[in-house]
Participant: 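I have a structure I would like to understand better, so I am pasting it below and will then ask my questions one at a time.
Below, all heavy atoms of this structure are taken into account, side chains as well, without hydrogens, waters or symmetry copies. Quick caveat: nothing in here was measured; it's all calculated off a predicted structure. A, B, ... follow the sequence lines: proteins, then strands. Residue 1 opens every chain.
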Number of protein chains: 2
Amino acid sequence: MPEGKVTSLHVARRAGVSQSAVSRVFSGASASPQTVIKVRKAAEHLGYRPNPLARAMITGKSKMIGLVVAYLNNQFYPLALERLSNALQDQGYHVLVFMAPNDEDAVEKVVHDLMDYQVAGIITASVGMTNDLTQRCADAGIPVVMFNRGQDGGGISSVTSANVAGGARIAEFLIAGGHKRIAHIAGWEGSSTGRDRARGFCEGLAARGMEPVTVIDGHFDREIAAQATRDLMARSDATDAIFVGNDHMAFAVMDTLRGELGLSVPKDVSVVGYDDVPLAAWAAYDLTTLRQPLNRMVEATVDTLLGQITDAARPSQKIEIEGPLILRGSARIPEGWTQ
Amino acid sequence: MPEGKVTSLHVARRAGVSQSAVSRVFSGASASPQTVIKVRKAAEHLGYRPNPLARAMITGKSKMIGLVVAYLNNQFYPLALERLSNALQDQGYHVLVFMAPNDEDAVEKVVHDLMDYQVAGIITASVGMTNDLTQRCADAGIPVVMFNRGQDGGGISSVTSANVAGGARIAEFLIAGGHKRIAHIAGWEGSSTGRDRARGFCEGLAARGMEPVTVIDGHFDREIAAQATRDLMARSDATDAIFVGNDHMAFAVMDTLRGELGLSVPKDVSVVGYDDVPLAAWAAYDLTTLRQPLNRMVEATVDTLLGQITDAARPSQKIEIEGPLILRGSARIPEGWTQ
DNA sequence: CGGCTCCCTGCATACGTTTGCAAACATTCA
DNA sequence: TGAATGTTTGCAAACGTATGCAGGGAGCCG
């Protein structure tokens, strides 16, 4: 059995061929059947494994995908990470994870680090990028896909759920449920996701001649959402329904309503979230929410990214995936409501 | 401004020195102050950044740490990942994430992939490794630290909380609370963590002349824990307290007790978990649990790993960190109980 | 049988760094 | 002033792979 490192040269010697031949066998270039057999056999005997770093040096592209993510306390993102990583592993790629606070400089620094590693592509989740930065990635030949966030500007790919439609759907649902004073604790206004859901929701209400009691920015943060709930319920006009910009905040809203204010959900107030993270289905919350189809979003993200990696000319695309409203116990269900 | 790629050679030319000089400046080797200045200036002007892959080729060690993790649905692990990644980023390292089901072959495959990337070290979380495999890593000069899991065999480092002591502490607490029929839904028996907590718990009971009503393996799984709860409560001897092997399962136990069986926690049954993930503090669960000091565990993990990386001779160590019992509303608090 | 094409193959170079070696230089001390 | 010592520096050889190029062989057709 072999010592330390075994290289393509060792394999070549043992197989009685040149190093190039070994390289060609393992990089899928053409080689005669006999050569392939000889090389494979020698390689197996020696326990040879191609060195991906050396390969990356030559080709300029490593088999790594950079994943930039701001935080993992919202259950949605760990799951996305898990699925993304699995899907990419299946395709022979590996995930280099970077945490980056959601500010411009930090993201820029992180992306530079990623470019140093010659990643084949970048996925950002819950993180924004300036158009300037995405342009520089494009110049470097590194495709970028934004996951669960969009960008108005130029040619950057993104995969989101149909947030505007989702917001509108929830408006429709709450109105049908007979709610009269509906409030919205929105996602962070600095994110397309938060803005789109809010817009769809307000448009949905307006289409039926209503408007929200108020819209408060919850910044996707538990504490802020909890405080927003207190403020909201302290007002004189009794709010009877709250659409919360994501599940993570919705849990805080429910905790505040029930635990702190002694209100009943949905008897006193209906609560609807967005995401359908696993926790939403657990009995303690049983949250009615609009599902983001995680599996399909991950699939679309991987497809788009790998597509752009193998075919640099492929144009960027903005993919929106519709998700269903999941009816549970946190919001009154309109009579005769069919999914 | 520079085009495409700028290498150390470009910098060398502009600074009027040799390429080696540039390398020495950036790798921290000795160089005269004037050379350093000339090189730094030229580098900045050109926007030079050393290529970490080329460096890894030569040195045999990349600035990447492999992180192997089985699943991310237990909130504890995403948080650990987040903290680990941040701590390592601060030290100039980056995290290569691999998902691996907890079986021997899969882990072996994944570790080989990691070795191909010449990672400087490996952290496994919620994943076991055979002694044979850790030996091969050691042979390859790659230190391994197991996070939240131990290993009986030889020289492998691990960082866990003091699971035996924690289990015993919970036994003490539940007995002091006057519970008479105490059950344990244990963590996976295949994990040191699960075994140690169970052992400490049983020993703690025994020390006070009690023994558990029953011990069921919950496999760290929600569904299995829920079923265990049903089975448990269907028995004739009314269980009045359950110690659950981690919070993730404890939530399922509470959901089942309250939502499905209509029991009250803690009036009918006290529930105690293990981990103190953020969700445990949320009003909907308000779970009494033994805290694993995540920050200190992460710190110890990073210290140990980086220590072994910089000093290959450093012996492996098994670190146990004690955590406090966090009193909340899911278990009856003994009168006069002081932390 | 000659010429043509086509497929394999080996040679040599390139990728961007680190590092051993020896030459060059500066510094100290006798 | 000369030798001895220590510090910088450049040269060149690695690290392990991919790939353009040209030579060699096989096959086909006339």
Side-chain angles (χ1 to χ4, degrees), chain A residues 2-40 42-43 46-64 92 115-120 140-141, chain B residues 2-40 42-43 46-64 92 112-113 115-120 140-141:
Chain A
E3 70 302 341
K5 295 277 170 196
V6 32
T7 75
S8 57
L9 195 56
H10 298 149
V11 177
R13 284 207 248 275
R14 181 166 228 280
V17 298
S18 74
Q19 180 270 328
S20 331
V22 178
S23 167
R24 281 191 258 261
V25 168
F26 279 90
S27 59
S30 70
S32 75
Q34 328 148 35
T35 305
V36 172
I37 292 181
K38 280 191 296 186
V39 168
R40 290 235 119 89
L46 295 174
Y48 168 72
R49 320 198 80 214
N51 182 327
L53 298 186
R55 176 175 295 179
M57 279 230 50
I58 295 290
T59 62
K61 289 216 164 311
S62 72
K63 282 286 204 175
M64 298 189 286
M115 296 174 71
D116 288 347
Y117 276 94
Q118 299 178 190
V119 294
Chain B
E3 70 301 345
K5 294 279 172 197
V6 32
T7 76
S8 56
L9 194 56
H10 299 149
V11 177
R13 283 208 250 274
R14 180 165 229 280
V17 297
S18 74
Q19 181 270 331
S20 331
V22 177
S23 167
R24 282 191 257 260
V25 168
F26 279 91
S27 61
S30 70
S32 75
Q34 327 148 33
T35 306
V36 171
I37 292 181
K38 280 190 296 187
V39 168
R40 289 235 119 89
L46 295 174
Y48 168 72
R49 320 198 81 213
N51 182 328
L53 298 185
R55 175 174 298 179
M57 278 231 53
I58 295 291
T59 62
K61 288 215 165 313
S62 71
K63 282 284 203 175
M64 297 189 285
H112 277 141
D113 281 3
M115 296 174 72
D116 289 347
Y117 276 94
Q118 299 178 187
V119 294

Participant: With heavy atoms under 4.0 Å as the rule, sort B/Pro50 into base, sugar-phosphate or nothing.
Facilitator: sugar-phosphate
Participant: Of B/Arg24 and B/Asn51, whose closest DNA chain C nucleotide lies nearer the 5' terminus?
Facilitator: B/Asn51
Participant: Does C/dG16 have its OP1 or OP2 closer than 4.0 Å to a side-chain nitrogen or oxygen of B/Ser8?
Facilitator: no
Participant: When you measure from the side chain of A/Thr35, which nucleotide among C/dC8, D/dG16, D/dT9 comes out closest?
Facilitator: C/dC8
Participant: Between A/Ser30 and C/dC8, is there a contact of a side-chain N or O with OP1 or OP2 at under 4.0 Å?
Facilitator: yes
Participant: Look at A/Ser32 and C/dT9 and indicate whether a side-chain polar atom (N or O) is within less than 4.0 Å of OP1 or OP2.
Facilitator: yes
Participant: On a heavy-atom basis, which atom in B/Asp113 and which in A/Arg49 lie closest, and how many Å separate them?
Facilitator: N-NH1, 3.6 Å
Participant: Any idea which heavy atoms bring B/Gln19 and B/Leu9 closest together, and the distance?
Facilitator: CB-CD1, 3.8 Å
Participant: Please figure out whether A/Tyr48 or B/Gln34 has its closest DNA chain D nucleotide nearer the 5' end.
Facilitator: B/Gln34
Participant: Testing B/Lys63, B/Met57, B/Lys61 for side-chain contact (heavy atoms from CB on, under 4.5 Å) with B/Thr59, which one passes?
Facilitator: B/Lys61
Participant: Kindly point out which of D/dG10, C/dT17, C/dG10 is positioned nearest to the side chain of A/Ala21?
Facilitator: C/dG10
Participant: For D/dC15, take OP1 and OP2 only and decide whether either is under 4.0 Å from a side-chain N or O of A/Thr7.
Facilitator: no
Participant: For D/dG10, does either OP1 or OP2 sit under 4.0 Å from a side-chain N or O belonging to B/Ser18?
Facilitator: yes
Participant: Is there a donor in the side chain of B/Gln118 and an acceptor in the side chain of B/Ser62, or the other way round, less than 3.5 Å apart?
Facilitator: no
Participant: Would you kindly check if the NZ (Lys) or CZ (Arg) of A/Arg40 is within the cone defined by 45 degrees around the ring axis of A/Phe26 and under 6.0 Å from the six-membered ring centre?
Facilitator: yes
Participant: What is the distance, rounded to the nearest whole Å, between atom CD of A/Gln19 and atom P of C/dT9?
Facilitator: 14 Å
Participant: Under 4.0 angstrom, heavy atoms only, what part of the nucleic acid is B/Ser27 near: base, sugar-phosphate, or nothing?
Facilitator: sugar-phosphate
Participant: Rounded to whole angstroms, how far apart are NZ on A/Lys63 and P on D/dA18?
Facilitator: 11 Å
Participant: Report the distance from atom CE of B/Met57 to atom P of D/dC15, rounded to the nearest whole Å.
Facilitator: 9 Å
Participant: Any side-chain N or O of B/Tyr117 under 4.0 Å from OP1/OP2 of D/dG16?
Facilitator: no
Participant: Looking only at N and O atoms, is any donor in the side chain of A/Ser20 or the base of C/dC11 less than 3.5 Å from an acceptor on the other one?
Facilitator: yes
Participant: Which is true for B/Val22 with a 4.0 Å heavy-atom rule: it touches a base, it touches only sugar-phosphate, or it touches nothing?
Facilitator: nothing
Participant: When you measure from the side chain of B/Arg55, which nucleotide among C/dG10, D/dG16, C/dT18 comes out closest?
Facilitator: C/dT18
Participant: To the nearest Å, give me how far apart CG (B/Asp116) and P (D/dT17) are.
Facilitator: 10 Å
Participant: Just call it for B/Ala29: base, sugar-phosphate, or nothing, with non-hydrogen atoms closer than 4.0 Å on any strand.
Facilitator: nothing
